[in-house]
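For the numbers below, each heavy atom of this structure counts, side chains included, while hydrogens, waters and symmetry mates do not. Just follow the structure's listing: the first ligand is 1, and inside any ligand the first atom is 1.
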Amino acid sequence: MINLAILVSGRGSNMEAILKSIKEGNIKADPKVVISNKRDARALSIARDYGVATEVVDDEGKKGVSWEFDRKILAILNKYDVTPDNGLICLAGYMKILSPEFVRLFRNRIMNIHPALLPSFTGLNAQKQALEYGVKVTGCTVHFVDEGVDTGPIIIQRVVEVRDDDTLESLSARILEQEHIAYPQAVKLFSEGRLRIVGRRVFID
Ligand code: GRF
């Protein structure tokens, strides 16, 4: 069974979708800890409601990539026995970029969800970027994390049509519904050892 850690910064709806799926027995994984870089993240209280341990590594609003900060995350992962051998780390609305050192340690064991069809609309405000660009379809992507931003091998994508009367809110809400399907699905496949990575491509066995 894999030992799961989820990194969050805010609302925590994707984290909740994963924890719910585990609770319902759809995913065989042990959710060891939820770690936030923000003390006031709503995700923390949701995690506690699910009986999952929570930890905060407060970045005090400091932006930028920091191996020093990531080492504190690493110490917590060690404490909860989430290791490069048995672990999976899910970024779920974690608004910080991981250092290359950290990524290398957990190569192909860190996942992220992005609210667009990568490689389009990387970075922040992906839904807004898509709407303003005028694409007819957008969606969400679950991918492994590499040293870049939103550039790692793609595991699952789900498509959402953009409607003429969409606002940022309506489009984001429909994308979020698909995120809540895609992320637990990707974690399940990983936990069953069914993801095979060949170069940039991820095959589902
Ligand atoms: C989601 O839209 C996710 O795709 C992006 O950040 C948002 C997090 O939402 N990475 P939540 O905290 O999971 O509710």
Considering the heavy atoms of R11, write down every atom of ligand 1 situated less than 4.0 Å from one of them. 9 (O), 11 (P), 12 (O), 14 (O)

Would you mind running through ligand 1 and noting each atom that sits below 4.0 Å from a heavy atom of G93? 6 (O), 8 (C)

Within 45° of the ring axis of F69 and under 6.0 Å from its six-membered ring centre, is that where the NZ or CZ of K96 lies? yes

Honestly, is K23 close enough over Y50, meaning NZ or CZ under 6.0 Å from the six-membered ring centre and within 45° of the axis? yes

Starting from [atom], find the nearest protein heavy-atom neighbour and note its residue, name and distance.
atom	answer
atom 10 (N) of ligand 1	I113 O, 3.0 Å
atom 1 (C) of ligand 1	E179 OE1, 3.1 Å
atom 11 (P) of ligand 1	S13 N, 3.4 Å

Is it true that H114 and T122 share a donor-acceptor pair across their side chains at a distance under 3.5 Å? no

Can a donor-acceptor pair be found, under 3.5 Å and without considering hydrogens, that links the side chain of S21 to the backbone of I18? no

N112 side-chain N/O to D150 backbone N/O, donor-acceptor pair under 3.5 Å: no

Are any of the N/O atoms on G12, whether in the backbone or the side chain, positioned under 3.5 angstrom from an N/O atom of ligand 1? yes

